[in-house]
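Atoms considered below: every heavy atom in the structure, side chains included; atoms not considered: hydrogens, waters and symmetry mates. Because the structure is predicted, anything quoted here is derived from the model rather than measured.
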Amino acid sequence: MRSAYRVVVSEQDRKRADLVIQIVALRFGVPVAAITHEARPAPKALRARRVAMYLAYVSFGWAQERVGHVFAVNRQTASTACRRIEDARDNAELNALLDELEGAIHAIVGEPEPDTDAPGATVAA
């Protein structure tokens, strides 16, 4: 049996991801444990987990690989989650909800800083 995919995550990234998970869990009415559980969650919790990954991606400007590390999934899983939620933004109700949640996250932690861990990222001098 293979061990779970794990990469060391900074304390700041962990706190930010936990904030997003808490906000999404509250707004979607699902327990935090259902979102963070390692096994495939029930459909409602799966949607909440995908939204949390997407919000971490857009709110913090993280690369999808970084999102994957924080959520303990591989980059492809994080990428798929983000793509599915981005595609679903055509729904006006979901789009409004995502804007609301992203606004709440920015109100708490401020605007995103550039992801200097992303391939090809440059840092302004």
Side-chain angles (χ1 to χ4, degrees):
M1 180 189 237
R2 294 181 351 187
S3 63
Y5 178 78
R6 294 279 183 254
V7 173
V8 177
V9 175
S10 75
E11 184 67 21
Q12 181 179 8
D13 283 1
R14 170 62 30 224
K15 287 179 181 178
R16 286 178 176 223
D18 288 346
L19 170 70
V20 172
I21 291 167
Q22 291 283 342
I23 290 171
V24 170
L26 179 65
R27 192 63 175 83
F28 276 70
V30 298
V32 168
I35 295 173
T36 59
H37 193 265
E38 289 185 17
R40 184 176 178 90
K44 188 174 181 180
L46 178 60
R47 177 81 162 188
R49 183 177 185 170
R50 286 176 177 161
V51 166
M53 283 191 257
Y54 175 78
L55 286 170
Y57 170 64
V58 297
S59 297
F60 304 136
W62 288 350
Q64 291 174 347
E65 183 173 21
R66 188 172 178 184
V67 172
H69 291 168
V70 173
F71 283 84
V73 298
N74 63 43
R75 186 205 54 81
Q76 185 60 48
T77 300
S79 177
T80 299
C82 292
R83 186 182 70 248
R84 288 189 178 181
I85 298 304
E86 182 64 41
D87 290 347
R89 286 197 86 146
D90 291 340
N91 177 309
E93 189 176 317
L94 177 64
N95 191 50
L97 173 63
L98 292 171
D99 285 344
E100 171 192 325
L101 295 175
E102 187 177 357
I105 292 164
H106 285 226
I108 294 168
V109 299
E111 294 297 316
E113 296 176 11
D115 185 354
T116 57
D117 295 334
T122 58
V123 178

Notebook entry, point to check: Are Val109 and Leu98 connected in a single hydrophobic cluster, I mean Ile/Leu/Val/Met/Phe/Trp/Tyr linked by side-chain heavy atoms less than 4.5 Å apart?
Noted result: yes
Item checked: same_hphob_cluster(Leu46, Val24) at 4.5 Å side-chain heavy-atom cutoff ->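 No, Leu46 does not connect to Val24 through the hydrophobic network.
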Next item on the list: Indicate the atoms forming the closest heavy-atom contact of Ala52 with Val20, along with that distance.
Entry: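 Looking at all heavy atoms of both residues, the shortest contact is O-CG1, 3.4 Å.
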Notebook entry, point to check: How close do Val73 and Ala78 get, heavy atom to heavy atom, and via which atoms?
Noted result: CG2-N, 4.1 Å
With rounding to the nearest 0.5 Å, note down the distance linking [atom1] in [X] to [atom2] in [Y].
X	Y	atom1	atom2	result
Met53	Cys82	CE	SG	7.5 Å
Ser10	Arg66	OG	CZ	6.5 Å
Ile23	Ile108	CD1	CD1	4.0 Å
Thr77	Asn74	OG1	CG	3.5 Å
Leu55	His106	CG	NE2	9.0 Å
Ile85	Asn91	CD1	CG	10.5 Å

Item checked: side chain to side chain contact (heavy atoms under 4.5 Å, CB included) partners of Glu86, counting only residues at least two apart -> Tyr54, Arg89
Next item on the list: Quick one: list whatever passes side chain to side chain contact (heavy atoms under 4.5 Å, CB included) with Ala42, sequence neighbours left out.
Entry: none
Under 3.5 Å, which donor-acceptor pairs do the side chains of residues 26-36 form with other protein atoms, sequence neighbours left out?
{"unit_1": "Arg27", "atom_1": "NE", "unit_2": "Glu100", "atom_2": "OE2", "d": "3.1"}
{"unit_1": "Thr36", "atom_1": "OG1", "unit_2": "Val32", "atom_2": "O", "d": "3.1"}

Next item on the list: Scan for side chain to side chain donor-acceptor pair (under 3.5 Å) pairs involving residues 42-52, sequence neighbours excluded, and state none if there are none.
Entry: none
Checklist line | Side-chain heavy-atom pair Trp62, Asp13 within 4.5 angstrom cut-off | finding: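 Yes, at least one pair of side-chain atoms sits under 4.5 Å.
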Check: Does some side-chain heavy atom of Phe71 sit less than 4.5 Å from a side-chain heavy atom of Ile21?
Finding: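 SC-SC contact between Ile21 and Phe71 confirmed.
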Notebook entry, point to check: Excluding sequence neighbours, so at least two apart, what forms side chain to side chain donor-acceptor pair (under 3.5 Å) with Asp18?
Noted result: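 For Asp18 the side chain to side chain donor-acceptor pair (under 3.5 Å) partners, ignoring immediate neighbours, are Arg14.
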